[in-house]
Amino acid sequence: MQGLKRRGQTELVFAGSIEDFIPKDHVLYRVNRVLDLSWLRDEVSDCYSLAHGRPSIDPEVAVRLMLAGMLLGIVHDRKLMREAQVHLAIRWFAGFGLTDRLPDHSSLTRIRQRWGMGRFQKIFERSVEACVEAGLVGGDLLHVDATLVRADVSWSSLARVYVSAVDANNEPATVEESDSNGPDEPEGKLRKISRTDPSARMATNKYNQRMEPCFKQLTAVDSKIGVCVDATVISADRHEGQTFIEQVDRITDLCGFNFAAVTADRAYGSAGNIAAMEERSMGTVISQQKVRPAKVPISRFKYDEKHDLVRCPKGRHLRPGSKAKNGRFFRAKIADCRKCSLRRACLPLSGQARSITIQDGYVAQLRARRRYLKKLPQDRAAYNAHRFRVEGLHGEAKACHGLNRAVRRGIANMAIQAWLTAAAINLKRLATAYFVLIVAIYRQIEPRRAFRGTEIFTMGMAFQIMISRPIMPYSGT
């Protein structure tokens with residue numbers, strides 16, 4: 001029989017809670033069980049007046065709205081508040097009832113401006129600390145990589161300007177005030193820059209792809225279940241290898257321990273980075289940079305660390321000379337090169353003596369290069385994990401959480417977006433671990449039974465009442 005549904009006015013009054021209408025396997029329902037923002041009110045208390053002005057939005061409500069948008073991929077404030085009008089899960093997650101009036105979308109913008117970047121960085125750090133306390137950060141492998149995020153500017157806003165004029169009229173394009181704005185450039189060099197967002201820089205991650213105005217995000221992921229332990233935004237024209245040591249130190253301070261090994265691509269494989277990792281007793285699995293083609297490449301010159309000498313392919317010694325950037329020059333004698341049979345292949349026509357540069361930490365780089373060429377099974381497994389962990393997290397953030405493009409302009413707003421996105425991903429990991437723990441507990445009780453998702457969450461609530469506290473609190477303390 002063909003059914004018929006009469007569409008008319010439905011019930012205006014019902015008994016129960018909005019929570020009864022939220023699916024128990026919904027991402028907001030699951031995240032709510034592990035999210036604790038009780039510390040936030042005291043953290044932002046200095047941004048509000050105690051005696052003057054109208055009552056503001058509850059800080060926890062504002063952060064819950066932002067996190068709900070990130071979890072559902074609704075990154076624009078206007079669209080988020082429009083969706084919250086009809087989305088029961090967002091209303092329930094933020095603490096609003098059916099008849100409660102939602103705040104205007106501009107309130108979230110003012111909150112971000114008033115709080116500043118430090119508070120949102122603290123939200124992300126708390127999510128990392130909660131994952132560490134729950135045992136979700138293993139500490140065996142740390143995967144480090146960088147990705148470009150397209151700036152929120154149009155092509156018509158680009159203009160060619162002099163570098164000196166840009167640097168004089170704009171602050172350095174970096175999250176931290178101590179960071180530089182990249183390598184020094186000639187005074188009169190022309191550069192494309194956006195007039196609507198001068199902090200964006202032209203960059204590309206492929207040689208056959210045109211450059212676009214972007215920001216660069218430095219990401220680090222633990223290998224155990226993919227917890228994001230760092231998400232820092234820098235200028236797109238800065239090389240990620242220059243911030244590698246600073247990034248690793250920041251992560252170890254946050255997690256409270258050193259990782260056994262770090263994996264990265266060849267952009268991080270400089271001699272100084274590898275030597276610094278050896279000093280910190282941390283192994284490296286880094287794809288080595290390709291040696292520039294030459295008839296007599298530097299790889300054929302042998303460096304004697306004990307005597308601080310370099311021996312050429314013919315056995316002649318190159319003596320240390322003046323200091324170079326991150327290293328030192330070694331130069332051969334003119335008399336030795338004049339009678340050498342490899343002179344034409346080793347020197348240009350106008351050259352008199354061969355000189356090479358030995359970077360600081362060159363011996364550590366040689367050890368890492370030899371290990372890389374051996375292609376050990378554990379190194380291959382670690383680098384395979386690097387691909388699906390950190391690069392997979394980049395794909396997840398861009399495809400599911402709106403990080404494929406900056407939502408707002410300015411590197412400060414880009415940093416806030418990156419931290420909120422990383423916090424949302426960590427909360428998903430934490431909620432999944434809670435789910436797996438409940439399944440493991442009840443499978444010990446009834447090992448042959450297959451539980452549905454709603455049953456598991458019902459059992460989880462009962463178990464939580466028994467112990468009178470959350471299993472994995474998002475406290476960070």
Side-chain angles (χ1 to χ4, degrees), residues 163-164 180-191 203-204 206-208 237-245 264-280 283-376 379:
V163 176
S164 56
S180 62
N181 194 22
D184 297 333
E185 299 189 34
E187 182 72 18
K189 185 176 180 180
L190 283 170
R191 179 170 61 185
T204 182
K206 295 181 180 179
Y207 292 106
N208 57 352
D237 58 0
R238 292 191 62 189
H239 195 278
E240 55 267 29
Q242 298 174 355
T243 62
F244 178 64
I245 306 303
D265 56 25
R266 65 184 58 178
Y268 297 86
S270 65
N273 288 344
I274 296 176
M277 290 296 100
E278 285 192 356
E279 293 175 0
R280 290 161 175 77
T284 55
V285 183
I286 300 178
S287 176
Q288 294 300 304
Q289 298 177 353
K290 294 181 179 180
V291 180
R292 293 181 179 179
K295 294 182 178 180
V296 185
I298 189 176
S299 58
R300 294 185 60 184
F301 289 76
K302 306 302 180 183
Y303 176 62
D304 186 356
E305 184 182 16
K306 181 179 180 179
H307 299 93
D308 196 21
L309 294 173
V310 175
R311 189 171 67 253
C312 74
K314 290 296 184 179
R316 303 293 184 177
H317 288 165
L318 280 71
R319 303 289 177 177
S322 58
K323 291 287 294 182
K325 184 179 181 180
N326 300 326
R328 188 164 45 164
F329 285 110
F330 284 78
R331 184 179 177 86
K333 295 181 180 180
I334 298 178
D336 293 338
C337 291
R338 185 180 298 143
K339 300 179 181 179
C340 182
S341 59
L342 297 177
R343 176 182 174 86
R344 291 186 177 181
C346 190
L347 290 175
L349 295 177
S350 59
Q352 295 182 350
R354 177 67 184 265
S355 63
I356 63 174
T357 304
I358 299 296
Q359 295 182 348
D360 298 333
Y362 179 71
V363 178
Q365 187 182 36
L366 287 180
R367 286 194 291 266
R369 185 173 296 166
R370 295 191 190 103
R371 181 183 177 90
Y372 177 75
L373 293 176
K374 290 180 181 178
K375 299 187 181 300
L376 301 175
D379 291 350

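No hydrogens, no waters, no symmetry mates; every other heavy atom, side chains included, goes into these values. In this chain, numbering begins with 1 at the start of the sequence shown.
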Once rounded to the nearest 0.5 Å, what's the spacing between atom [atom1] of [X] and atom [atom2] of [Y]?
| X | Y | atom1 | atom2 | answer |
| --- | --- | --- | --- | --- |
| Thr243 | Tyr268 | OG1 | OH | 6.0 Å |
| Asp336 | Lys314 | CG | NZ | 13.0 Å |
| Gln242 | Asn273 | CD | CG | 9.5 Å |

How close do [X] and [Y] get, counting heavy atoms only, and between which atoms?
| X | Y | result |
| --- | --- | --- |
| Leu318 | Ile356 | CD2-CG1, 4.1 Å |
| Ile286 | Arg266 | CG2-CA, 4.4 Å |
| Ala364 | Ile274 | O-CG2, 3.6 Å |

Full working for side chain to side chain contact (heavy atoms under 4.5 Å, CB included) between Leu347 and Gln352: CA-CA 7 Å; Leu347 290 175; Gln352 295 182 350; 6.0 Å; no
Identify every side-chain donor-acceptor pair in residues 327-335 under 3.5 Å, counting partners at least two apart or on other chains, and give the distances.
| from | atom 1 | to | atom 2 | distance (Å) |
| --- | --- | --- | --- | --- |
| Arg328 | NH2 | Asp308 | OD1 | 3.1 |
| Arg328 | NH2 | Asp308 | OD2 | 2.3 |

Would you find a donor on one side and an acceptor on the other, under 3.5 Å apart, between the side chain of Arg280 and the backbone of Ala276?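 Here the side-chain-to-backbone pair exists.
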Between Asp304 (side chain only) and Arg311 (backbone N and O only), is there a donor and an acceptor less than 3.5 Å apart?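 Not a single qualifying donor-acceptor pair exists.
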Geometric cation-pi criterion Lys375 and Tyr372, 6.0 Å radius, 45° cone: yes
Taking only residues two or more places apart in sequence, or in another chain, which ones meet Arg338 in a salt bridge (charged side-chain N to carboxylate O under 4.0 Å, His left out)? none
Hey, is CZ on Arg316 packed in by over 12 heavy atoms from elsewhere, all under 6.0 Å?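 Counting other residues, nucleotides and ligands, CZ of Arg316 stays at 12 neighbours or fewer.
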